[in-house]
Number of protein chains: 2
Amino acid sequence: MNFQQLRAAREAVRQGFNLTLAAEALHTSQPGVSRQIKELEDELGIELFQRSGRRLLGLTPPGAALMPIVERLLQEADNLKTAGADFAEADQGTLTVAATHSQARYALPGAVRDFRGSHPGVALHLQQGSPPQVAEAVLAGRADLGIATEALADYPELVTLPCYRWTHVVVVPRGHALADEAAAGRPLTLARLAALPLITYEPGYTGRRQIDEAFAREGLKAEVVLQAMDADVIKTYVELGIGVGVIATMAFDEARDTTLAAIDARHLFPTQTTRVAVKRGAFLRGYVLDFIETFAPTLTRELVGRALAAPDDGGDFEI
Amino acid sequence: MNFQQLRAAREAVRQGFNLTLAAEALHTSQPGVSRQIKELEDELGIELFQRSGRRLLGLTPPGAALMPIVERLLQEADNLKTAGADFAEADQGTLTVAATHSQARYALPGAVRDFRGSHPGVALHLQQGSPPQVAEAVLAGRADLGIATEALADYPELVTLPCYRWTHVVVVPRGHALADEAAAGRPLTLARLAALPLITYEPGYTGRRQIDEAFAREGLKAEVVLQAMDADVIKTYVELGIGVGVIATMAFDEARDTTLAAIDARHLFPTQTTRVAVKRGAFLRGYVLDFIETFAPTLTRELVGRALAAPDDGGDFEI
DNA sequence: TATCCTTACGGAATTCGTAAGCATG
DNA sequence: CATGCTTACGAATTCCGTAAGGATA
């Protein structure tokens, strides 16, 4: 039994039981992968993969029972290398952060700037994607940590920790009726918003679900005329007068967005919690913990360490 | 990185940092072990072992941090092989039970007989030892499970489950004054016992500590004239009239021990709990679970499975 | 017939044990 | 000077990619 065999089996599963793809992913030849898997099956004395003729279809029941062990094994092997590197060259390496656009654009820049200053030897990689993509990048080991507001809690193989809380604001062109009403002290209501064409995030992004739910709870149906993945796009169309924007508070910059007016909407939509996720059972290098603490000062090394050691989630604490 | 290197490092630690012994334990050459360790250190980029000249003294701080990962890695590798065998040949294999004399002699025979009947393909090995030896056999993977009344709870790397509870009896030759007093309805007291020469277990065996503590709590000092590791020896000397025996209830057999009389002592000494221990994180073959259930019917497969999955101990339940 | 897995083969790299060397208590 | 680790070397094994073969949708 060796690691190549285990990697071949894992990759075969990941690539949907296509050994040709698995071989490409592993930068090796296809017959090699085929052989590794066969050797592993021979040594274990069982067929891991269900075959129809020469084609792989899926896992056999024993295969389904053994693959989680293979995953843990390879995870620990990875931990060993990572831990070694953490001692060998504590101040250099690579940090890959998977994050949604909102996070990458508005929440992360400060932390990235500070981290680059304090850890000049660490090469930073920022991977952008939808919340599920963020989660899967962390799960597959392509990212050291993921940052998003949605979806992360749905993956039991991830340990998630709350970073910060935020709310939505409504943005309109300067001089828009809503801005005047707000200036006159008339509080914004959902009913008032529902009467206007809205521009906001796509479903699955940056609290969109909670926006929809807020309207639904009051029996209102909002007319979303345009939806986008990021606030920059939304703001652009708001400037054009296409509609009223609903974006995350952090996405509005008083100094920069001079053509727009923001109206507090924290009483209309629920507070969101942005979370950082790491793979359960993964060894985190010292500078990864540093980055997390830079990004969310409440998440100290000790606290993250305890959450990782805990089996379920360390009891999702308040922030 | 390969498994040989990891095994070499683990064995070097187990053998007290003596590579010659490690090589013997691994059935290989000493230069081989030396090389494996060096290669592992090279690949990880750190020195795992503290050296004085050419001699190994212990682990470096990085080594101490990485060795637990190595242990888990090798444990999972073992799990994989075991799980494979469990599917490949579910009904045959080897079951090694480490137990104390008391368990092997009095508690296990029934379970062993039943298990042999239901699992004729499984070769049974019974390893006898002191409670710490039982614990260490399980920890080192030399035994699949351990059964003892003492010590097992002291090892955090073991998962222990309560099997059954028992108490002590006092044994005397037939016609002894104590037997007459008991027959006359006069309850036995610790003070009465303390006035007689006692024969019981050695410290560290079969509830001896609780016997001593019971006397100490009443400010009494028992005179133990002879102590042994097992009840057979104790009973032999009681027959000779050397003293009064205190043994586990299960060690007295009315039908066999015709020359002796047993006097209930459950009101004098605390109830003992015998436990079964398995290595935390180890995969248990189906027949191992069967054996546990045969031995202690309360410990069903589901219950043991849950206890193994739980991180701490699954909350030591009542039996 | 295109895709995808298996088998066959040969060169290259790795592995491992023996023998010799060297430091330390 | 005995114990214990390292270095050196050569044989044997293992490993892996290329090329050809065969089954299936």
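Keep in mind it's a predicted model, so treat the numbers as computed, not measured. Chain naming here is simple, since letters A, B, ... match the order of the sequence lines and numbering starts at 1 in each.
- Sorted pairs that involve residues 8-26 of chain B and meet salt bridge (charged side-chain N to carboxylate O under 4.0 Å, His left out), not counting sequence neighbours, are lacking altogether.
- Look at B:Lys38 and you won't find any side-chain N or O under 4.0 angstrom from OP1 or OP2 of D:dC5.
- Residue pairs meeting the side-chain hydrogen bond (donor to acceptor under 3.5 Å, both in side chains) criterion with at least one partner in residues 49-70 of chain B, sequence neighbours excluded, are B:Glu41-B:Arg51.
- When rounded to the nearest whole Å, the span between CG of B:Asn2 and P of D:dT14 equals 14 Å.
- Within the structure, every side-chain polar atom (N or O) of B:Gln36 is placed at least 4.0 Å from both OP1 and OP2 of C:dT15.
- A straight line from CG of A:Leu57 to P of D:dA23 spans 17 Å, rounded to a whole angstrom.
- When all heavy atoms are compared, the tightest approach of A:Ala77 to A:Phe3 is CB-CE2, 3.7 Å.
- For residues 143-152 of chain B, the set of pairs meeting the side-chain hydrogen bond (donor to acceptor under 3.5 Å, both in side chains) definition, not counting sequence neighbours, comprises B:Gln103-B:Thr149, B:Thr149-B:Thr274.
- Overall, the helix from C:dT1-D:dA25 to C:dG25-D:dC1 carries an axis bend of 40° between its ends, with five pairs at each end and the value rounded to 10°.
- Using a 4.0 Å cut-off between a side-chain N of Lys or Arg and a carboxylate O of Asp or Glu, A:Arg105 and A:Asp232 qualify as a salt bridge.
- To the nearest 0.5 angstrom, A:Leu158 atom CG is 4.5 Å from A:Leu139 atom CG.
- Rounded to a whole Å, the CD atom of B:Glu41 is 13 Å from the P atom of D:dC5.
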Interface polar pairs with nucleotides 1-3 of chain D, N/O, under 3.5 angstrom:
| residue | atom | partner | partner atom | Å |
| --- | --- | --- | --- | --- |
| D:dT3 | O2 | B:Arg55 | NH2 | 2.8 |

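- Rounded to an integer number of Å, the gap from CE of A:Met1 to C1' of D:dT14 is 18 Å.
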Please walk me through it: do B:Ser118 and B:Tyr287 pass side chain to side chain contact (heavy atoms under 4.5 Å, CB included)? CA-CA 10 Å; B:Ser118 58; B:Tyr287 61 67; over 6 Å; no

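- Residues of residues 43-54 of chain B that place a heavy atom closer than 4.0 Å to DNA chain D, in numerical order, are B:Arg51, B:Arg54.
- Scored by the side-chain hydrogen bond (donor to acceptor under 3.5 Å, both in side chains) test, B:Ser130 finds B:Gln133 as partners (sequence neighbours excluded).
- When each of A:Arg35 and A:Leu56 is assigned the nucleotide of DNA chain C bearing its nearest heavy atom, the one mapping closer to the 5' terminus is A:Leu56.
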Review item, side-chain donor-acceptor pairs of residues 87-100 of chain B, under 3.5 Å, at least two apart:
none

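- Interface residues of residues 23-33 of chain A facing DNA chain C, ordered by number: A:Gln30, A:Pro31; criterion, heavy-atom separation under 4.0 Å.
- Under the side-chain hydrogen bond (donor to acceptor under 3.5 Å, both in side chains) criterion, the residue pairs touching residues 61-77 of chain A are A:Arg72-B:Glu76, A:Gln75-A:Asn79, A:Gln75-A:Lys279, A:Glu76-A:Asn79, A:Glu76-B:Arg72, with sequence neighbours excluded.
- At whole-Å resolution of the value, CG in B:Asp42 and P in D:dT7 are 10 Å apart.
- Atoms CD and CG, from A:Gln30 and A:Leu19 in turn, are 6.0 Å apart once rounded to the nearest 0.5 Å.
- In terms of phosphate contacts, A:Ser34 brings no side-chain nitrogen or oxygen within less than 4.0 Å of OP1 or OP2 of C:dC4.
- In this structure, the CD atom of A:Gln5 is 11 Å from the C1' atom of D:dC15, given to the nearest Å.
- The residues A:Asp42 and A:Lys38 are annotated as not salt-bridged, no charged nitrogen and carboxylate oxygen being separated by less than 4.0 angstrom.
- Shown here are the side-chain hydrogen bond (donor to acceptor under 3.5 Å, both in side chains) partners of A:Tyr155, two or more places apart in sequence or in another chain: A:Glu136.
- Atom CG in B:Leu21 sits about 10 Å away from atom C1' in D:dG4, given to the nearest Å.
- Sorted by first and then second residue, the salt bridge (charged side-chain N to carboxylate O under 4.0 Å, His left out) pairs with a member in residues 77-86 of chain B read B:Asp86-B:Arg285; sequence neighbours excluded.
- D:dC16 atom C1' lies 19 Å from atom CZ of A:Phe3, rounded to whole Å.
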